[in-house]
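Quick notes on the structure that follows.
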Amino acid sequence: MINPLDLLTEQQLAEVKERSDLKGIWVVAFSWMLIFGAMAMFAIWPNPLTFIAAVIIIGTRQLGLAIGMHDGAHGVLTKSPSLNMFLSQWLCAYPMLAETMSYRRYHLTHHRNTQQENDPDLILSKPFPITRKSFRRKFIRDITGQTGYQQRKAQILNALGDPSLPWDKRIDRFAAKLGPAVFTNLVLFSILALAGQWYLYFLLWVLPMLTWHQAVTRIRNIAEHAMVPDDSDPFRNARTTKAGWFMRLVMAPGYVNYHVEHHLFMWVPCYNLPKLHTYLLANGHGDKMEIKDSYFDVIKMATSRPDDEDRPGEMVHNARTRRVSGIISEGFDEVDTSANPNAA
């Protein structure tokens, strides 16, 4: 167990621990401002370029909402506990068909057992390195909506429960699991409909969620823990990836790229992670930390397995039995085809 005062001064520690209602509100509001701004950009100037830009911006900001939920699950998004939960649930988790407390239960297990066999997120990092062909297949599934469709389908079926149950019981179960998420999405649809742009809900909310959001979530997962140097070293069982303003716009919202810092100090709000990073480097701890210069470097490393070792497999989704109600980024197992020559 690392003593925080071995890494930071008392003053530095007090600064990075500080929670702010205004900063927490801004984290959430900024994501929604970019989401509605991207929708407005396409509505005013509808063309292929503004459409692609809007999908990328919105899909990334949906990850930003997931980060808001994540900080809410840690109880650090705001100083006020009630505001923390309100923002996390109603403006971050529910619109993304997630739920803060379900996410919290599984996510804290990830923190307690990072990169160990009982880490629930190990499925997201253990397969690497993979081949470039394998990564290309995964990216194509993500960007074409196949991954997102399978996740949402599994989530809805899970919420409905056993088909042998009476329909009234299944509807009650669905309402309990996904009722607030459906409600918030109906509110979003209604807002766009009142603005005369109802179609944007499907085109620039659902579509980015099923496509670009899935792709950036996969890349984020790879960057955070895939092929880390030491699964037992808290400085090296997670990874920080450098990201400039453009990559933060299209890939890494909410300072999600500072992942070593988050695992070292999981009670630090996301808006204080850049300051924490600066202090750790200034105090001479940079050489101990796993840091990559870019997401391109991470992908290059993660796809370093030779293509002649490629083993295409079926996409098998695990969401029917694991953490469907609480996580946005469920993993996929890729089955070795050596025992199944008919696999994709």
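Residue numbers count from 1 along this sequence.
Considering only residues two or more places apart in sequence or on other chains, His259 meets the ring pair (Phe, Tyr, Trp, His ring centres under 6.0 Å) condition with His225, His262, His263. Residues forming a salt bridge (charged side-chain N to carboxylate O under 4.0 Å, His left out) with Lys126 (at least two apart in sequence, or on another chain): Glu117. For Tyr279, the ring pair (Phe, Tyr, Trp, His ring centres under 6.0 Å) criterion is met by no residue, not counting sequence neighbours.
Counting heavy atoms from C-beta outward, Phe174 and Val182 have side chains that approach closer than 4.5 Å. You'll find the side chain of Pro46 stays beyond 4.5 Å of the side chain of Phe51, heavy atoms only. With contacts defined as side-chain heavy-atom distances shorter than 4.5 Å, the pair Ile25/Leu87 qualifies. Using a 4.5 Å heavy-atom cutoff, the side chains of Cys270 and Val27 are in contact. Using a 4.5 Å cut-off on side-chain heavy atoms (C-beta onward), Phe128 and Ser304 make no contact.
For the residue pair Asn185/Tyr201, the side-chain donor-acceptor check at 3.5 Å is satisfied. Under the 3.5 Å distance criterion, with hydrogens and angles disregarded, no donor-acceptor pair is assigned to the side chains of Gln214 and Asp142. For the residue pair Glu261/His277, the side-chain donor-acceptor check at 3.5 Å is satisfied. Between Gln115 and Ser125, the side chains place a donor N or O and an acceptor N or O closer than 3.5 Å (distance only, hydrogens not considered).
Annotation for Asn47: atom CG counts as buried by contact number, over 12 foreign heavy atoms lying within 6.0 Å. Residue Glu18 places its CD atom among 12 or fewer non-hydrogen atoms of other residues, nucleotides or ligands, all under 6.0 Å distant. Annotation for Trp198: atom CH2 does not count as buried by contact number, only 12 or fewer foreign heavy atoms lying within 6.0 Å.
For the atom pair Ser294 OG and Ile299 CD1, the distance stands at 9.5 Å (nearest 0.5 Å). Interatomic distance, OH of Tyr199 versus CE of Met39, reported as 10.5 Å (0.5 Å rounding). Taking CG of Leu264 as the start and CG of Leu280 as the end, the distance is 6.5 Å to the nearest 0.5 Å.
Cation-pi check for Arg170 over Trp167 is met; the charged atom lies under 6.0 angstrom from the ring centroid and within 45 degrees of its normal.
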### Query
Step by step, would you call Trp32 with Trp26 a ring-ring contact (aromatic ring centres under 6.0 Å, His included)?
CA-CA 10 Å; Trp32 281 110; Trp26 176 249; over 10 Å; no
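Partner of Asp310 under the salt bridge (charged side-chain N to carboxylate O under 4.0 Å, His left out) criterion, out of Arg136, Arg137, Arg132: Arg137 alone. For the side chain to side chain donor-acceptor pair (under 3.5 Å) criterion with Asp119, the lone passing option out of His110, His111, Arg112 is His110.
Of all non-hydrogen atoms in Gly24 and Tyr271, the two that sit nearest each other are N-CE2, 3.8 Å.
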